[in-house]
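Below is one structure, written out as structure tokens; comments come after it.
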Amino acid sequence: MLEEIVIWSLAFLYEYPGDYTLRICILYFVIQYLFGHYRTHTLLIWEEIELLVKSHICFFIVSLLLDPVMKFSMHGILMNAMIAIIMLCFSILLQRYLRIWFRSSCADNVLIIGAGKQAVNFSEICKTNRFALMKVKGYIDTQEGDKAADLDAAVYSLDAIDQAVENLHIDSAVITATGLSNKQFDDILLQLRTVRKIRYMPSVKILTFDTKIEDFDGQLLVSTAKGKISKFNRAIKRIIDILGGMAGCMLLIPLTLYVWRTNRKNQDYDPLFFKQVRIGKDGKLFVLYKYRTMVPNAEHILNELMEKNPAVKEEYEKNKKLRNDPRITKAGDFLRRKSLDEFPQFINILRGDMSLVGTRPPTLDEFEHYQSYHKKRLSFRPGLTGMWQVSGRSDITDFEEIVRLDVEYIDNWSVSLDLKILIKTVLAVFSKSGAR
């Protein structure tokens, strides 16, 4: 109702004829309904944004075909485009805040089958992602030997699932335990017979977000295509990179002026940019650009500090960085705190060396220690951000974990996944999560 009031108001504001206004309002409702915008089941914000973008593009195109009198005039196209953009923004905000406001009364009561690390991780997502209408009310200890110590809700035994469902008024169940036997799984499903929706985390590692269920003449098959990207999708990704690279390079101008002015005020006349050879897609070498955040003789200063102060030496050898590093310039300190030191990589994105989202570009030294399975990272352009950055950024230092996240990104790539990572990156920068 709120959306219909807003779109009617916009049509009235733009002085559309009465019959066309009515058709626009009906069209908007029908298209949003067909795209599933009014579904009541849980839908994460990333999926909702993707759905709304597609539905509003469709609404814009069809709205132009509704009125033959407009004859595709530039004025009519711009007016309909403005309505579509305003309605898109309004719908996203409305969906978000309606779910937050009515979360207490509309959220599903969730029972997690499992009490280990995966159960805790899932519970944390339910709490922090307020857009998801899921409240964890309890856990079932499956006795897998990995029961977490920080469970924040009631814990029941495996044979008390019926009791948990009744006592906690459970609407939905999520099976996070992946080491269950077939008999245990069947028993759990039998006890969850009154639960409206059951989800489970698969134990099969080849599954990706592109996995599909197929009916092969009565036989149930699960198909997956790992890392297979069509030429069309590659072209879409490159177009997004070019647009993002152009926008980023525009931001580089005032930022570079700030760095140049700050360095000059501190008698620093050395180059603004730090250049390093990295390995890109298919093993091609390229020069990666970053802002120089350290004084030119940084290595000499570090060696002197470690010779004079054993505590500094111990800290650097352990963490490969110093908490209060005297080598960092004044501008460099600001850039690092705000995670802006890598902004010059927008130049690499425009040149085609990198992508907005991708894998982590390895150095020549890292590449010398690559095993054969590590080289799969080189099948994608390296990215300004990626799965590694939004999964903890510099908090994740284990090389194999970084490789795993990069391969997971390649196997599950989609435009919507890139959108999620970009949004999470912006949120992480503003929240200073994992900042270097």
Side-chain angles (χ1 to χ4, degrees), residues 1-16 18 20-67 76-110 124-136 171-172 196-197 199 240 243 247 390 414-431:
M1 287 177 62
L2 288 172
E3 287 176 346
E4 287 297 312
I5 290 171
V6 172
I7 195 169
W8 181 88
S9 301
L10 289 172
F12 179 79
L13 181 66
Y14 292 138
E15 298 181 347
Y16 283 168
Y20 186 62
T21 297
L22 179 61
R23 279 181 280 171
I24 284 285
C25 292
I26 295 174
L27 173 69
Y28 185 84
F29 172 80
V30 170
I31 288 181
Q32 298 308 315
Y33 178 81
L34 292 176
F35 271 85
H37 176 46
Y38 303 120
R39 287 179 292 185
T40 57
H41 68 258
T42 300
L43 200 63
L44 295 179
I45 189 169
W46 325 110
E47 298 169 319
E48 185 70 25
I49 290 175
E50 181 182 4
L51 179 150
L52 288 172
V53 168
K54 291 178 179 178
S55 65
H56 283 78
I57 290 174
C58 181
F59 165 73
F60 166 67
I61 294 172
V62 178
S63 68
L64 296 179
L65 305 176
L66 275 183
D67 189 2
I77 292 173
L78 289 175
M79 291 301 99
N80 283 29
M82 283 296 297
I83 287 180
I85 292 171
I86 292 172
M87 289 305 302
L88 171 62
C89 297
F90 178 76
S91 295
I92 292 174
L93 291 173
L94 183 64
Q95 279 287 344
R96 172 177 170 76
Y97 286 105
L98 281 178
R99 287 171 183 257
I100 292 173
W101 292 335
F102 295 100
R103 178 180 174 83
S104 59
S105 57
C106 296
D108 283 351
N109 292 330
V110 178
E124 283 299 313
I125 293 173
C126 290
K127 286 191 293 185
T128 56
N129 190 333
R130 296 185 297 169
F131 198 81
L133 295 176
M134 303 179 77
K135 291 189 296 186
V136 175
D171 306 301
S172 176
R196 180 166 49 85
K197 180 174 290 187
R199 302 177 176 90
I240 294 173
L243 295 175
V390 300
S414 66
V415 174
S416 59
L417 178 59
D418 276 3
L419 176 64
K420 296 174 190 177
I421 292 174
L422 286 172
I423 294 174
K424 286 187 175 183
T425 300
V426 173
L427 294 176
V429 169
F430 280 107
S431 65

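Only this structure's heavy atoms are used, side chains among them; waters, hydrogens and symmetry mates stay out. Computed from a predicted structure; not experimentally measured.
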Side-chain polar contacts of residues 87-95 - donor-acceptor pairs under 3.5 angstrom, sequence neighbours left out - could you list them?
{"unit_1": "Ser91", "atom_1": "OG", "unit_2": "Glu3", "atom_2": "OE2", "d": "3.0"}
{"unit_1": "Ser91", "atom_1": "OG", "unit_2": "Tyr28", "atom_2": "OH", "d": "2.9"}
{"unit_1": "Ser91", "atom_1": "OG", "unit_2": "Met87", "atom_2": "O", "d": "2.8"}
{"unit_1": "Gln95", "atom_1": "OE1", "unit_2": "Arg99", "atom_2": "NE", "d": "3.3"}

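Interatomic distance, NZ of Lys420 versus OG1 of Thr425, reported as 13.5 Å (0.5 Å rounding). If you take OG on Ser55 and CD on Gln32, they are separated by 3.5 Å, rounding to the nearest 0.5 Å. Atom CD1 in Ile7 sits 11.0 Å away from atom CD1 in Ile26 (nearest 0.5 Å). Expressed to the nearest 0.5 Å, how far CZ of Phe60 lies from CD1 of Ile77 amounts to 6.0 Å. In this structure, NZ on Lys135 lies 12.0 Å from SG on Cys126, to the nearest 0.5 angstrom.
Not counting sequence neighbours, Thr21 has no partner by the side-chain hydrogen bond (donor to acceptor under 3.5 Å, both in side chains) test.
By the 4.0 Å N-to-carboxylate-O rule, Asp108 lies too far from Lys197 to be salt-bridged with it.
Using cut-offs of 30° and 60° on the angle between ring planes, the pair His56 and Phe59 is perpendicular. The aromatic rings of Tyr33 and Phe29 lie parallel to each other, their planes meeting at an angle below 30°, with 60° marking the opposite boundary.
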Item to check | Test side chain to side chain contact (heavy atoms under 4.5 Å, CB included) applied to Ile423 and Ile49, step by step | outcome: CA-CA 11 Å; Ile423 294 174; Ile49 290 175; 4.2 Å; yes
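Minimum heavy-atom separation, Ile24 to Ser63: CD1-CB, 3.7 Å.
Among Leu34, Leu27, Val53, Ile31, the one residue that satisfies the side chain to side chain contact (heavy atoms under 4.5 Å, CB included) test with Cys58 is Ile31.
Asp171 places a side-chain N or O within 3.5 Å of a backbone atom of Asn109 that can act as its donor or acceptor partner.
With contacts defined as side-chain heavy-atom distances shorter than 4.5 Å, the pair Leu10/Ile86 qualifies.
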